[in-house]
Number of protein chains: 2
Amino acid sequence: MTTPVVIVLNGVIVAVTDDRPRILTVKHPDDSLRVPKEADFEEGAPPDALPFGPLDPAADRTLELGLNGWVREQTGIELGYVEQLYSFGDRNREPGVRQGGPRVISIAYLALVREEQLSVRGEANWRDWYEYFPWEDWLWRRPSMIDEQIAPALTRWVQAATDTTIRSRRQERIEIAFGLEGAPWDQERVLERYELLYEAGQVAEQALDTIVARRDRQESQKSSKGSSPQPKTSLLGRPMALDHRRILATALGRLRGKIKYRPVVFELLSPTFTLLQLQRVVEALAGVRLHKQNFRRLVEKGGLVEGTGQLDSKTGGRPAKLFCFRREVLRERPAPGIGLPGALTK
Amino acid sequence: MTTPVVIVLNGVIVAVTDDRPRILTVKHPDDSLRVPKEADFEEGAPPDALPFGPLDPAADRTLELGLNGWVREQTGIELGYVEQLYSFGDRNREPGVRQGGPRVISIAYLALVREEQLSVRGEANWRDWYEYFPWEDWLWRRPSMIDEQIAPALTRWVQAATDTTIRSRRQERIEIAFGLEGAPWDQERVLERYELLYEAGQVAEQALDTIVARRDRQESQKSSKGSSPQPKTSLLGRPMALDHRRILATALGRLRGKIKYRPVVFELLSPTFTLLQLQRVVEALAGVRLHKQNFRRLVEKGGLVEGTGQLDSKTGGRPAKLFCFRREVLRERPAPGIGLPGALTK
DNA sequence: CTTAGTTATACTCACTTCTAGCATAAGAGC
DNA sequence: GCTCTTATGCTAGAAGTGAGTATAACTAAG
């Protein structure tokens, strides 16, 4: 008996509208993967999922062509910027799948589209990225949830470890990831934060996995990993199907890192824009407010943009100059990105 | 007829010895993939390959465990730091494979090991990374090969395009990737450079692919991609099997980027080291010489290392203080890496 | 035991780049 | 004209970088 392998392509399709980052989601269509009622997890409704499609190993010449193909079919969107994110292949990453079924390897891609393309066909929805990761949204202020719910829960999790080595290891991890005890907040550590919450039993997916694992009872359930599932009310952020929220966290972290050294933001903007529009998009992705004057100096002096000579008078105050991406910067600077000037230091 | 999928795990296993970066290679064992004689490519000898092993979809619980497993079996090496690199899945990435065979998806990993572990079992060899990419080695000086062979060949390739849009696109690409016409050299663009050389027919693998493609004659061969294969003498760098040199280029680029914002170098060093040893390892990876005084200032003031109080008197001159990695820096700084202070500016 | 060679380490100075502001400009609505 | 809003210009001080000079501590040759 040989276990067959199936390749699934997942797309994290990102846009920014109304100064919020959005991702394209679908309702998970496969009934066999529907969340069991007992998970206390959206009461049996099909959860949000990232759009995905199978790789046709015979027809799709490259992985990316395969991705473009079914995205076009399912949503009508023509992907512009696409980059491979990560491949996820743990067994049991799809807890609903019966043992003995095929091994599913999912290769995730990050795609950026412009606001104009926002209309979609079918069952797809644009959702605010931060619904899934409310603790990542520092635009307004440092989310109170961090001190009120996350830190206490993680501290309990640290103390639940009896072995002192494990305990101090956990303590270090939560301090670095969530900027506790005076450590700085690193916007890029999105995945680390999600995984800590998962291990500490603070997200719905973990509760679900635990239930399924218990049902399957494949290995003695004494791993020190998870505490017992929490009641629904305390679980953090909007859940997704399978490991899709993990994929999403990977994407957010990658994107937050990438804007600093490659001019990818412009893939999310129309060809001409005001500096404030540009700033808002960067802020939406980074989840942090920036110092306006420094931002504009950085972008202009860095040669990333050039004025078009036109003005935009729909800004409410003084009309703003319109700019466009300055392609020559690619020749001039090794890593042209947009740092985060004046990001909240605390 | 359904096409089965096979997952292969590739490992780019890196160490630094004698101030040179080394990677672990094997001779490609599969005869069906042996390079055809007509390719004028090492005369039918089995080419170097990255160590690899299949994923057992039934047994290997995670991809990384699968990797660790066969690396241990084949080479006796216990991997420490491991990170996923990229998944390669183009059809025909294995030109020797007959049509109708399984679709091979290869998931590549980057692993760093310390010098102590250098002894290996079996057919494996440690090879200098720059044998495969001689144009990436700027340690001694800017390689003359860039001006003498690469630039002329790429210029011919640019001019071979009749369409002016394609031509200027190609021109921009070669300037950015190879720092021609006054553009700066970006150490991280290793993959871009390899792919340009590939497209321009300057590496043996491309010549081979062209031959195989012609033999298979699956699509009308009018793609503007490759010029005709060059005679062996002009081909650049030591070739590898299949697309392994592409994987290697991905790894080098990733590693060069990563040392700047994560303290991964220390995975390549013994627990205590002198600052010059540290500098030599960074230089070996980055392929650039650094300014010694500034380097030490950066690393010390950056809190990346701390003195152990011991001295190393085997340095030849004045004995050097021994340092070790300072773990607390992870808590203190968001992205603790080692910039490239004083990197050759031209 | 003096001298030359080698490596380590301290310190400096000019210069660029951020940070965090203040100040002014140019529109809209009343 | 006044007020509100957004855009844009400018700057003092802090921090970080680049490229050195100077000095210290050892080894090996004579």
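By convention in this document, chain letters (A, B, ...) are assigned in the order of the sequence lines, proteins followed by strands, and residues within each chain are numbered from 1.
A straight line from CD of B:Gln277 to P of C:dT7 spans 13 Å, rounded to a whole angstrom. Across the protein-nucleic acid pair, A:Phe295 atom CZ and C:dT17 atom P stand 18 Å apart, rounded to whole Å. As a whole-Å value, the separation of A:Gln310 CD from C:dG27 P is 16 Å. Between the CD atom of A:Glu300 and the C1' atom of D:dC10 there is a distance of 13 Å, rounded to whole Å. The distance from atom CG of B:Asp312 to atom P of C:dT9 is 10 Å, rounded to the nearest whole Å. Between B:Lys292 atom NZ and C:dT9 atom P the separation is 8 Å, expressed in whole Å. Per the geometry, CG belonging to A:Leu298 stands 15 Å off P belonging to D:dG9, to the nearest Å.
Dashed line: the shortest gap from a side-chain N or O of B:Lys321 to OP1 or OP2 of C:dA10 is under 4.0 Å. A:Lys301 has no side-chain polar atom (N or O) that falls below the 4.0 Å cut-off from OP1 or OP2 of C:dT17.
Between D:dG9, C:dA10, D:dT17, one nucleotide has an atom nearer to the side chain of B:Arg296 than all others, and that is C:dA10. Comparing C:dT12, C:dA10, D:dG9 by their closest approach to the side chain of B:Arg297 singles out C:dT12.
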Discussion item. For a quick check, with a 4.0 angstrom heavy-atom cut-off, what is the B/S/- contact string for nucleotides 20-30 of chain D, read 5' to 3'?
Written reply: BB--BBBS---
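No engagement by B:Leu275 is indicated, since no non-hydrogen atom pair under 4.0 Å with the nucleic acid exists.
Annotation: A:Phe266 is in aromatic contact with A:Phe273 [ring centroid separation under 6.0 Å].
Checking B:Glu83 against B:Tyr81 by side-chain atom types alone, a donor-acceptor pair falls below 3.5 Å. A:Thr17 and A:Arg22 share a side-chain donor-acceptor pair at under 3.5 Å.
Using a cut-off of 4.0 Å between Lys/Arg side-chain N and Asp/Glu carboxylate O, A:Arg331 and B:Glu181 are scored as not salt-bridged. Salt bridge B:Arg141/B:Asp147: absent, no basic N to carboxylate O contact under 4.0 Å. Using a cutoff of 4.0 Å between basic side-chain nitrogens and carboxylate oxygens, A:Glu172 and B:Arg327 are scored as salt-bridged. A salt bridge links A:Arg20 with A:Asp137; the closest basic N to acidic carboxylate O contact falls under 4.0 Å.
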